[in-house]
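Below: the structure, in structure tokens.
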Amino acid sequence: MKRVYNFYAGPCTLPLEVMEEAQRDFLDYASTGMGVIEISHRSQEFKHIAEDSEALLRELLHIPDNYRVLFEQGGGRGQFAALPLNLLKEDGVCDYFVTGHWSNCAQKECNERYGKGVVHECTFLNEKGLYAVDFSKMTVTEGADYAYTCLNETVNGIETAHHLPDTGDVPLVADMSSDILTRPIDVKKFGVIFFGLQKNVGPSGMTITIIRDDLIGHARKYTPSVLDYSILCKHGSMFNTPCTFAWYMAYLNFKWIKSIGGISELEKRNIKKSDLFYNYVDKSDFYISKIAKDCRSRVNCVFSLKDESLNDEFLSLAKASGLVGLKGHKVLGGMRASMYNAMPYEGVAALVDFMQDFASKHA
Ligand SMILES: *Cc1c(COP(=O)(O)O)cnc(C)c1O
């Protein structure tokens with residue numbers, strides 16, 4: 001078996017240890033004589049998976065007691081609808097801090113279907129012609145039901161986790177689909193945090209929502225039951241049959257994170273990997289990053305070749321060298337190397353070596 005370095009943005013590479021453990025459990029989980037995807041979500045065995053995964057996530061993120069953790073379906077986009085349905089009053093207002101593709105999709109879902117989301121365009125081209133984000137001039141609408149932000153724009157490669165917008169008493173909702181568990185966060189600063197599993201945690205299809213108690217119980221009457229936070233809470237995220245396999249994979253991943261030293265260790269590794277990558281891009285005259293240094297994502301490294309006519313050749317030679325998934329998102333073009341928690345330093349080093357080699361052949 002040959003495993004490549006997988007730079008896809010999601011679904012994405014997972015730790016080899018986690019994949020191997022899942023393989024062992026696939027046919028016979030905990031000596032039940034049944035595979036892990038064959039056991040009932042009501043069984044004792046699955047109950048342990050459900051309880052332990054929540055306990056581990058609470059420990060890793062230091063989630064305070066007044067927050068609930070929900071394991072849901074419908075991916076990230078499911079939450080784009082669930083949020084206004086649960087938090088935005090019929091005649092209410094909310095604010096969207098738009099920094100890139102995904103926060104823009106979220107505001108559209110709200111504005112085209114559910115109510116008034118004021119759009120604040122926060123990404124602009126700075127004096128050097130680079131994409132930069134500035135929240136400092138943005139103010140939330142008085143009496144807004146929530147303010148929304150995406151801490152890491154997966155498509156654009158823009159990360160803003162280190163300078164959050166100031167929303168005062170208005171609850172801040174954050175899409176952390178692609179940066180959850182890659183750096184420490186202070187959960188208390190948020191009303192709601194949600195993330196799809198497929199960018200750092202496990203397979204696609206499941207979303208985890210971390211929500212402050214007082215924000216539960218205000219859903220509109222016609223909210224689909226499967227998106228209603230209070231119904232999901234009441235049923236321990238088992239109102240309908242949950243994505244048991246995705247949930248189990250999240251559990252294995254949380255155990256792995258704990259075993260290697262938790263989020264602070266992962267942050268160190270992610271800084272080391274992204275520094276290696278951007279330092280090379282910055283000193284090369286063959287590749288460019290169009291994003292200001294203080295907004296560059298550590299996990300979705302977006303870059304381009306100065307000569308874009310070489311894109312196809314770059315991608316096919318990379319693939320032949322075992323470096324897969326480097327093509328940028330279709331709305332943006334260019335290249336993107338996603339280096340989430342499970343991408344080893346050696347993978348990024350191999351990518352940089354390849355880029356150097358490719359550049360010298362075309363100089
Ligand atoms: C991938 C992604 C989404 C969309 O997730 P789906 O599960 O495909 O709906 C939303 N937000 C961010 C930041 C993402 O990276």
Side-chain angles (χ1 to χ4, degrees), residues 6-14 70-85 96-113 117 119 122-123 131 133 146-162 164-165 172-183 185 190 192-211 224 226-227 237 242-243 245-247 249-250 253 270 274 291 295-302 325 327-332 336-343:
N6 168 1
F7 293 95
Y8 278 118
C12 67
T13 192
L14 293 170
L70 298 174
F71 293 75
E72 300 181 61
Q73 296 173 51
R77 282 187 186 268
Q79 292 306 300
F80 294 174
L83 286 162
L85 283 166
Y96 280 83
F97 293 96
V98 172
T99 48
H101 176 77
W102 287 117
S103 43
N104 192 45
C105 291
Q107 72 78 11
K108 273 206 213 148
E109 179 75 14
C110 174
N111 278 309
E112 288 171 7
R113 289 167 186 268
V119 175
C122 303
T123 298
Y131 290 102
V133 175
Y146 64 87
Y148 183 103
T149 183
C150 173
L151 297 198
N152 183 65
E153 284 285 2
T154 320
V155 171
N156 310 75
I158 292 177
E159 187 165 9
T160 48
H162 48 297
L164 297 174
L172 182 59
V173 171
D175 178 355
M176 295 192 199
S177 290
S178 47
D179 64 335
I180 194 74
L181 301 163
T182 65
R183 56 160 81 223
I185 48 162
F190 302 91
V192 182
I193 292 169
F194 73 89
F195 52 97
L197 257 51
Q198 74 271 29
K199 307 281 168 55
N200 238 325
V201 179
S204 55
M206 181 167 250
T207 329
I208 295 179
T209 305
I210 301 166
I211 176 165
V226 290
L227 293 181
S237 300
C243 305
F245 191 51
W247 199 331
M249 289 299 289
N253 200 30
N270 291 330
S274 53
I291 301 163
C295 310
R296 285 175 180 174
S297 171
R298 285 178 188 162
V299 284
N300 303 106
C301 302
V302 168
K327 191 174 180 166
H329 190 277
K330 59 182 188 296
V331 302
L332 214 70
R336 171 176 55 177
S338 295
M339 27 183 106
Y340 299 118
N341 287 339
M343 173 59 65

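All values derive from a computational prediction rather than experimental measurement. The residues of the chain are indexed from 1 along the displayed sequence. Values reported hereafter were calculated over all heavy atoms of this structure, with side chains retained and with hydrogens, waters and symmetry mates removed. Both ligands and their constituent atoms are indexed starting at 1 by order of listing.
Between Gly196 and ligand 1 there is no heavy-atom distance shorter than 4.0 Å. Not a single heavy atom of Ser204 sits less than 4.0 Å from an atom of ligand 1. The shortest heavy-atom distance from Glu153 to ligand 1 is not under 4.0 Å. Close to ligand 1: Phe80, with a non-hydrogen atom less than 4.0 angstrom away.
Among Asn152, Ile208, Ile185, the one residue that satisfies the side chain to side chain contact (heavy atoms under 4.5 Å, CB included) test with Met176 is Ile185. Each of Asn300, Thr182, Thr13, Asn270 was scored for a side chain to side chain donor-acceptor pair (under 3.5 Å) with Tyr340, with one residue passing: Asn300. With respect to Glu159, the side chain to side chain donor-acceptor pair (under 3.5 Å) criterion is satisfied by exactly one of Arg298, Arg183, Arg296: Arg183.
With ligand atoms numbered from 1 in the order given, ligand 1 contributes 7 (O), 9 (O) to contacts under 4.0 Å with heavy atoms of Gly75. Set against the non-hydrogen atoms of Cys150, the atoms of ligand 1 under 4.0 Å away are 13 (C). For ligand 1, the atoms closer than 4.0 angstrom to any heavy atom of Thr154 are 12 (C), 13 (C), 14 (C), 15 (O).
When every heavy atom of Leu151 is checked against every heavy atom of Ala174, the shortest pair comes out as CG-CB, 4.2 Å. Contact between Ser178 and Thr154 at its shortest, heavy atoms only, is OG-OG1, 2.8 Å.
The backbone N or O of Gly196 lies less than 3.5 Å from a partner atom in the side chain of Ser177, making a donor-acceptor pair.
For the pair Leu164/Phe190, a side-chain contact is recorded, criterion being any heavy-atom separation below 4.5 Å from C-beta on.
A side-chain donor from one of Thr209 and Glu72 sits under 3.5 Å from a side-chain acceptor of the other.
Scanning the protein heavy atoms around atom 9 (O) of ligand 1, the nearest turns out to be Arg77 N, 2.8 Å. Counting protein heavy atoms only, atom 11 (N) of ligand 1 is closest to Asp175 OD2, 2.6 Å. Of all protein heavy atoms, the one closest to atom 6 (P) of ligand 1 is Gly76 N, 3.4 Å.
Between the choices Lys199, Gln198, Gln79, the shortest heavy-atom distance to atom 2 (C) of ligand 1 belongs to Lys199.
Polar contact check, Asn152 against ligand 1: no nitrogen or oxygen pair lies under 3.5 Å apart.
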